[in-house]
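The structure appears below as structure tokens.
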Amino acid sequence: MKNLASFFLLLSLCCPQQSVAQQKYNSQITKQNMLYTDAEIDQLLLKLTDEEKVSLVIGRGMDNVGNVGVIDGRVPGAGGQTYDVKRLGIPDIILCDGPSGLRISPIRENTTKTFYATAFPSETVLGSTWSKDLAQHIGRALGTEAKEYGIDVLLAPGVNIHRNPLGGRNFEYFSEDPVLSGMMAMNLINAVQELGVGTSLKHYAANNAEHNRLFSNSLVSERALRELYLRPFEIAVKGSQPWTIMTSYNKLNNTYTSARRDLNYQLLREEWGFKGLVMTDWYSGFPNVEIIRAGNQSNDVSAQIRSGNDLIMPGSKIQLEAALEDVKSGKLSKKDLDFAVRNVLRLVSKSPSPLQYKYSDSPNLKAHANLSRAVAAEGTVMLKNSNTLPLVSNTRIATFGVGSYHLVVGGTGSSEVATSYNVPIYKGLQNAKFNLYKPLLEKYVPYVEEEERKDIERRAKLNVLAPLGVIAQLNITDDELSDAVKNTDVAIFTVGRNSAEEQDLNVDTEYNLTKEEESLLNRISSAYKKQNKKVIVVLNVGSVMNTSWSDKADAILVTWFSGAEGGNAFADIVSGKVNPSGKTTATFPKSYADVPSAKSFYASEASDYRDIRYTEGIYVGYRYYDSFNIETAYPFGFGLSFTKFNYTDLKLDKQDFKDNIKVSVKITNTGKVAGKEAVQLYVGAPKGTIDKPLKALVDFGKTKLLQPDESEIIELSIGAKEIASFYPDKSQWIADAGTYTILVGKSSQDIVLKSEFKIKNTLVVEKVKPAFTEKLDFSDLKK
């Protein structure tokens, strides 16, 4: 296998030398140059009329259902825009979707120039790298691309928890674990905002399903909320101060998140110290949606502003009129309105457009493609490898399945990126000079190209959130299969899955293999194994899925949604150019029935069909499987490598915990090829007087590219909040007295080093005000 150092030099290309204008702008941001000081904003508040103030807090964009629309259109396709107030010289700013790259229009009127954006790997891929450094690289690339295309705020990242494998937007989130999610988001946000571009942390909160999302009601205990679903937001807010936060569509314990002051003010501002702006998701808050569609007025916008939402998006004429009426009647106080206006003006004041940054419309897409490829490779997870990978250069390959020819670049909806190209798996293998079996290419390529063309036409007639169509599997005859076995050394069978907003996945046809896929895999496996030849299965998917068929494969690679460079990244892995180091960020269960939320994920179709009961409480993902000793297919944090790593010299800087403990561990590459290793630090807490999971992730780190026999010391830390449990009856985060077990592992179930520390006296880490105290009609799961 080739030395990997040269490949990862690509990362140094991904942040090209900045233009003089960019350097000057960044220098201004560093010096806290703002369009307005806080004192000047106070003066503007005295000069603004009520009508102007209301306009500033009601956004514009997406010119439909009564919206005002993006007026100047300087960035066509962007998701929204604030109002300007020309009388006072107050400019507007532009907001753009962007978790996996900018969602803007690539073709514009009156010019032949194109405005394509980089389709980066999804957040699940980035999470699977377990690399804080790569989160920063992606953040810098996203921020640079946004700034050079004239974007002020990037509507990303998302940190909702992978509560269930069927979640339609799991691909847009990092993990089932709050610490992994929060820390990756924190690093990404810091990198974007260091460039003077804003981010919007989303979707706040308990937004874990897409079905019926505008009306669903997440019923969650306060403990589960604080320990799981709010925790990644808290980590990111405290560690990066995102410029904005976006509230979610759903209700939380019977009240829309956009109208909950305990969520949007008490926790966010008073407890966590958030200083930025809170905005709604587009059309969030059920009365707004239904009333706008019916063409009637709604006063619901005032409830959202009173709760702590500063900007209502994408804004409608109805909302403008309703809010102004409420200001005049006193239903919306001047104090609440001024609070929101002040936050809008602060956001405007530090954004690139108002500070007259001269964007180029020409970001370095080539450098960003290199980064996209590197991240896609490092986020690929190798679940199985029975003396199969890497492949030698002269290997003859048969590429089966529509997925080998149709790359699912990413999920659709607000995360969809208009990219000028994508590299499917077969093309990546060709680019790597592998010998592909031509009869299969001649059968699949024209079929898939025609189906993709027809799907583009179909989607063009639908709404902007329309999901990709499913391309039916081709029938492979016995003779075609027999000839392929005779003329090739290995078969690659790719399973592709679409994911989209507004819909969750189906157990029978998306979580499981379809009947056609299962039949084809069985036939391929049987035919190749009879000839002692290998079968590789590739999962181009947005979420974990059933792998009960794993005995049919000699190797299994999960690429997730790997972006436009997916095929090239895949070829880098199978050729050995890159040693896989990705690890799962969500548990692969043995069957869907084993998922703790299997019976409560879909709201029932009874009279309470909008209610989703989070009956599993804190037991999500590995917290459930490991605590209840449920066998899994592949545990959280699992991933294979072409080399081996030895863990030694576990050290603690102290044995008695006060506010934190520093942990170090030595990682040595004991194999024959260079590679990276993701190191996971878990802690098992004493029971105290409350139910607790067997272990919880508290920190993680990743080695550099280690050559054979090379070592690196990885330093990690254990913080008080990470080991504390939330006691709802006391409204306190408490670390109970007793002995805590330190667990350093290669996955949540492969623990290789252990140690202990003690807390002599119960430690009250934080005292908070009660929130989310609504009485629920169920009790959380307990051991």
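Residues Arg373 and Val423 are not in side-chain contact: their nearest non-hydrogen atoms beyond the backbone lie 4.5 Å or more apart.
For Lys113, the side-chain contact (heavy atoms from CB on, under 4.5 Å) criterion is met by Thr111, Phe115, Asp361, Ser362, not counting sequence neighbours. When the ring pair (Phe, Tyr, Trp, His ring centres under 6.0 Å) test is applied to Phe174, no partner is found at least two apart in sequence or on another chain. Applying the side chain to side chain donor-acceptor pair (under 3.5 Å) rule to Glu510 yields no partners; only residues at least two apart in sequence or on another chain are considered. When the side chain to side chain donor-acceptor pair (under 3.5 Å) test is applied to Ser414, the partners found at least two apart in sequence or on another chain are Arg169, Glu501. Applying the salt bridge (Lys or Arg N to Asp or Glu O under 4.0 Å) criterion to Asp281, with sequence neighbours excluded, gives no partner residue. With sequence neighbours left out, Thr494 forms a side-chain contact (heavy atoms from CB on, under 4.5 Å) with Ser404, Ile425, Ile492, Val538, Asn540. For Ser128, the side chain to side chain donor-acceptor pair (under 3.5 Å) partners at least two apart in sequence or on another chain are Trp560. Remark: Val445 engages Tyr405, Tyr426, Leu441, Glu449 in a side-chain contact (heavy atoms from CB on, under 4.5 Å) (not counting sequence neighbours). For Phe570, the ring pair (Phe, Tyr, Trp, His ring centres under 6.0 Å) criterion is met by no residue, not counting sequence neighbours. Listed by chain and number, the residues in a side chain to side chain donor-acceptor pair (under 3.5 Å) with Glu451 are Lys454 (sequence neighbours excluded). Applying the side-chain contact (heavy atoms from CB on, under 4.5 Å) rule to Ala119 yields the partners Val409, Val417, Thr419, Ala564; only residues at least two apart in sequence or on another chain are considered.
For the residue pair Glu145 / Thr118, a side-chain donor-acceptor distance below 3.5 Å is found, with atom types taken as modelled. No donor-acceptor contact under 3.5 angstrom links the side chains of Ser131 and Asp133, judged on distance only. Inspection of the Asn170 and Ser543 side chains reveals an N or O donor paired with an N or O acceptor under 3.5 Å.
Sequence neighbours left out, the pairs with a member in residues 402-431 that pass salt bridge (Lys or Arg N to Asp or Glu O under 4.0 Å) are Glu416-Arg459.
For the side-chain hydrogen bond (donor to acceptor under 3.5 Å, both in side chains) with Asn187, the qualifying choice from Lys132, His137, Gln136 is Gln136, the only one to do so.
With salt bridges taken as basic N to acidic carboxylate O contacts below 4.0 Å, none links Lys461 and Glu457.
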